[in-house]
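For reference, the structure is listed below as structure tokens.
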Amino acid sequence: QVQLVESGGGLVQAGGSLRLSCAASGRTFDNYAMAWFRQTPGKEREFVGAISWLSSITDYTDSVKGRFTISRDNAKNTVYLQMNGLKTEDTAVYYCATDLAMSRKYYNYWGQGTKVTVSS
């Protein structure tokens with residue numbers, strides 16, 4: 001059974017940084033892309049960024065470009081989201097996801113989420 005477990009969320013002041021981690025287990029993840037999404041109450045889940053299996057391709061939504069960086073350690077089946085220059089509008093529950101195809105929408109496997117709160 002595939003499991004994705006996020007960690008690293010918390011409360012941070014605007015302008016600060018956080019690093020989220022997502023550890024995957026339950027199968028071989030060779031060739032799997034990994035992605036981060038976020039969601040706030042009453043809004044649809046939003047794509048944040050994604051990274052290909054060999055980290056050769058990354059994709060970010062415009063609002064986080066230059067501030068967030070996705071990386072991965074395939075030996076540990078872990079993907080990271082380094083968030084710098086956090087803004088109050090980054091407050092959300094952050095989810096990681098994985099699937100064979102890298103996209104901004106379609107992923108079959110999801111974590112349970114980790115909450116990020118950015119205070120002004």
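Values below: every heavy atom of this structure, side chains too, minus hydrogens, waters and symmetry copies. Because the structure is predicted, anything quoted here is derived from the model rather than measured.
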Can you tell me if Tyr107 uses its side chain to pair, donor with acceptor, with the backbone of Ser103 under 3.5 Å?
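It does hold such a pair.
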What pairs of donor and acceptor atoms, side-chain ones from residues 112-120 against any protein atom, are under 3.5 angstrom apart with sequence neighbours left out?
residue : atom : partner : partner atom : Å
Gln112  : NE2  : Glu6    : OE1          : 3.3
Thr114  : OG1  : Gly9    : N            : 3.1

Hydrophobic cluster identity match, [X] and [Y], side-chain contacts under 4.5 Å:
| X | Y | result |
| --- | --- | --- |
| Trp36 | Val93 | no |
| Leu86 | Val48 | yes |
| Leu11 | Phe68 | no |

How would you list all residue pairs meeting salt bridge (charged side-chain N to carboxylate O under 4.0 Å, His left out) that involve residues 43-56, not counting sequence neighbours?
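As it turns out, the salt bridge (charged side-chain N to carboxylate O under 4.0 Å, His left out) pairs with a partner in residues 43-56, which skip direct neighbours, are Arg38-Glu46.
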Filter on salt bridge (charged side-chain N to carboxylate O under 4.0 Å, His left out), then keep only pairs touching residues 52-71, sequence neighbours left out; what's left?
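Salt bridge (charged side-chain N to carboxylate O under 4.0 Å, His left out) check on residues 52-71 returns Asp59-Arg104, Asp62-Lys65, Arg67-Asp90.
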Supply the atom-to-atom distance [X] [atom1] to [Y] [atom2], rounded to the nearest 0.5 angstrom.
| X | Y | atom1 | atom2 | value |
| --- | --- | --- | --- | --- |
| Asn74 | Leu54 | CG | CG | 7.0 Å |
| Ser52 | Arg72 | OG | CZ | 7.0 Å |
| Leu81 | Ile51 | CG | CD1 | 10.5 Å |

Indicate, with yes or no, if the rings of Phe37 and Trp110 have centres closer together than 6.0 Å.
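Yes - the distance between ring centres of Phe37 and Trp110 falls below the 6.0 Å cut-off.
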Please confirm whether the ring centroid of Phe47 lies under 6.0 Å from the ring centroid of Tyr60.
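No, the ring of Phe47 stays outside the 6.0 Å limit from the ring of Tyr60, centre to centre.
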Scan the side chains in residues 18-32 for donor-acceptor partners under 3.5 Å anywhere in the protein, sequence neighbours excluded, and list what turns up.
residue : atom : partner : partner atom : Å
Arg27   : NH1  : Tyr32   : OH           : 3.1
Arg27   : NH2  : Tyr32   : OH           : 3.3

Any non-hydrogen side-chain atom of Tyr80 less than 4.5 Å from a side-chain atom of Asp73?
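Side-chain contact under 4.5 Å: yes.
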What heavy-atom pair brings Ala92 and Thr40 nearest, and what distance separates the two atoms?
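Shortest heavy-atom separation between Ala92 and Thr40 comes out as CB-CG2, 3.6 Å.
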Closest approach of Thr98 to Ala33 (non-hydrogen atoms, all atoms of both residues)
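Where Thr98 meets Ala33 most closely, the heavy atoms are OG1-O, 2.7 Å.
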Residues forming a salt bridge (charged side-chain N to carboxylate O under 4.0 Å, His left out) with Lys76, sequence neighbours excluded
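If we apply the salt bridge (charged side-chain N to carboxylate O under 4.0 Å, His left out) test to Lys76, skipping adjacent residues, there are no hits.
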According to ring pair (Phe, Tyr, Trp, His ring centres under 6.0 Å), who are the partners of Tyr94, at least two apart in sequence or on a separate chain?
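Here no residue qualifies.
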Would you say the side chains of Asn84 and Ser17 form a donor-acceptor pair under 3.5 Å?
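Yes, a side-chain donor-acceptor pair sits under 3.5 Å.
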Tell me, yes or no, whether the heavy-atom count around Gln3 atom CD, taken from other residues, nucleotides or ligands under 6.0 Å, exceeds 12.
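No, not enclosed.
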